[in-house]
Amino acid sequence: MTQPTWATPPPPPRRPRTAPLLTHAAVGVACLAIGFGAGTTRADADAPAASAPEPSPQASPSPSASASPSPSPEAGRDSDLTAGEAFTWDNGLIIAVEGAQEVMELDEWDFTPEGHIPFRVTLTITNDGDEPVDLDEVGVLVSGATNGGEAASAYFEDGHEEIAGRLAPGVTETKNADWSLSPDHGRDIVVQVAHWNESVDFLAPDPEWLITIT
């Protein structure tokens, strides 16, 4: 009796090796990435923390910047002197406004605006300093003391003594300045005297005399 022949089953199909290789490669890359990340994190953790910059100390003002300047000897000058009172500048020039007198008679060439009161301001000037003084550096300004109004400069020939020339040390002279003022401004006036000199504080206010035209 013949034995049956069994057919030999075909060998199982061979799986490609690409997938396992790719899987192993991906796992390796992932491990490297994890290790690199862990290493970076550890390095960052071990690095010393950046310290905040220390605030710079504030500069304190120097004594010279905060100290107030010392007042000038002329800074406290009076602004309302009276007739006959004198004022002294730093260079030794002394001026006193003696008064203001109305000029009753005018010469042919004397001129004032119509209706104005003509008057003359008399000054006594002394050089009490060590150097000659140029009187061209002295100026006089007159204005009304009641309701304002500036007096008009004038020139009356009779008895006029111009404030000009050089005044030597120790010398006293009488000078005058001629003006006219509308009667609408009254007869009370303010006489302001200025002195320009390199030894004088030009920022200080000029002295003023409050007087009446007589």
Side-chain angles (χ1 to χ4, degrees), residues 61 63-103 112-113 116-156 160-214:
S64 59
S66 58
S68 58
S70 57
S72 165
E74 298 182 6
R77 62 180 59 173
D78 295 331
S79 59
D80 289 324
L81 300 172
T82 58
E85 288 188 302
F87 180 83
T88 304
W89 279 267
D90 288 342
N91 62 343
L93 182 67
I94 305 173
I95 293 181
V97 176
E98 304 296 348
Q101 294 77 35
E102 182 178 358
V103 177
T112 61
H116 274 211
I117 303 171
F119 63 94
R120 170 169 288 164
V121 176
T122 304
L123 305 91
T124 300
I125 305 177
T126 301
N127 183 1
D128 196 36
D130 299 326
E131 300 292 335
V133 174
D134 185 0
L135 294 184
D136 291 329
E137 300 174 341
V138 175
V140 179
L141 182 66
V142 180
S143 58
T146 302
N147 57 3
E150 186 173 339
S153 178
Y155 175 83
F156 309 133
H160 183 79
E161 293 291 340
E162 185 178 3
I163 305 174
R166 171 180 281 194
L167 190 64
V171 176
T172 298
E173 287 289 330
T174 299
K175 302 291 184 178
N176 51 51
D178 297 332
W179 302 84
S180 69
L181 182 68
S182 170
D184 296 339
H185 301 305
R187 300 179 73 91
D188 292 333
I189 59 174
V190 175
V191 179
Q192 181 181 5
V193 179
H195 178 37
W196 308 281
N197 186 278
E198 60 183 5
S199 62
V200 173
D201 183 6
F202 66 93
L203 293 178
D206 297 321
E208 296 178 347
W209 283 259
L210 180 60
I211 59 179
T212 302
I213 302 172
T214 57

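In this text, all values refer to a predicted model and were calculated from it rather than measured experimentally.
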To check you understand the geometry: which heavy-atom pair defines the closest contact between Gly149 and Leu181, and what is its length?
O-CD1, 4.2 Å
Residues in side-chain hydrogen bond (donor to acceptor under 3.5 Å, both in side chains) contact with Glu150, at least two apart in sequence or another chain:
none
Nearest atoms (heavy-atom pairs only) where Trp196 meets Gly139:
CZ3-N, 3.6 Å
For Thr82, check side chain to side chain contact (heavy atoms under 4.5 Å, CB included) against everything at least two apart and list the hits.
Glu85
Specify the closest pair of heavy atoms between Ser199 and Asn91, including all atoms of both residues, with the distance to one decimal.
OG-CB, 3.2 Å
Shortest non-hydrogen pair, Ile211 vs Gly99, comes out as CD1-C, 3.8 Å
Of all residues at least two apart in sequence or in a different chain, which pass the ring pair (Phe, Tyr, Trp, His ring centres under 6.0 Å) check with His195?
Trp89
Close side-chain approach of Phe119 and Val142, heavy atoms under 4.5 Å:
yes
Please examine the side chains of Leu81 and Val97, heavy atoms only from C-beta on, and report whether any two atoms are closer than 4.5 Å.
no
Full working for side chain to side chain contact (heavy atoms under 4.5 Å, CB included) between Val140 and Trp179:
CA-CA 10 Å; Val140 179; Trp179 302 84; 4.2 Å; yes
Only residue of Val138, Asn197, Thr126 satisfying side chain to side chain contact (heavy atoms under 4.5 Å, CB included) with Leu93 is Val138
Separation between CG of Asp184 and CG of Asn147, rounded to the nearest 0.5 Å
7.5 Å
Ala83 to Trp209 - nearest heavy-atom pair and separation
N-CD1, 4.5 Å
Between Thr146 and Gly186, the two heavy atoms sitting closest are OG1-CA, 4.4 Å
Partner set under side chain to side chain contact (heavy atoms under 4.5 Å, CB included) for Thr212, not counting sequence neighbours
Arg187, Asp188
Taking atom NE2 of His185 and atom NE2 of His116, what is their separation to the nearest 0.5 Å?
7.0 Å
Got a second to check how far Gln192's CD is from Asp206's CG, nearest 0.5 Å?
4.5 Å
When rounded to the nearest 0.5 angstrom, what distance separates CD1 in Ile213 from CD1 in Ile189?
4.5 Å
With rounding to the nearest 0.5 angstrom, report the CD to OG1 distance, Glu173 to Thr124.
10.0 Å
For residues 160-168, run the donor-acceptor check on the side chains, cut-off 3.5 Å, and write out each pair with its distance to 0.1 Å, sequence neighbours left out.
{"residue": "His160", "atom": "ND1", "partner": "Asn176", "partner atom": "OD1", "Å": "3.4"}
{"residue": "His160", "atom": "ND1", "partner": "Asp178", "partner atom": "OD2", "Å": "2.9"}

Residues 128-136, side-chain donor-acceptor partners within the protein, below 3.5 Å, at least two apart:
{"residue": "Asp134", "atom": "OD1", "partner": "Asp136", "partner atom": "N", "Å": "3.0"}

Could you grab the distance from atom CD1 of Ile94 to atom CG of Leu123, nearest 0.5 Å is fine?
13.5 Å
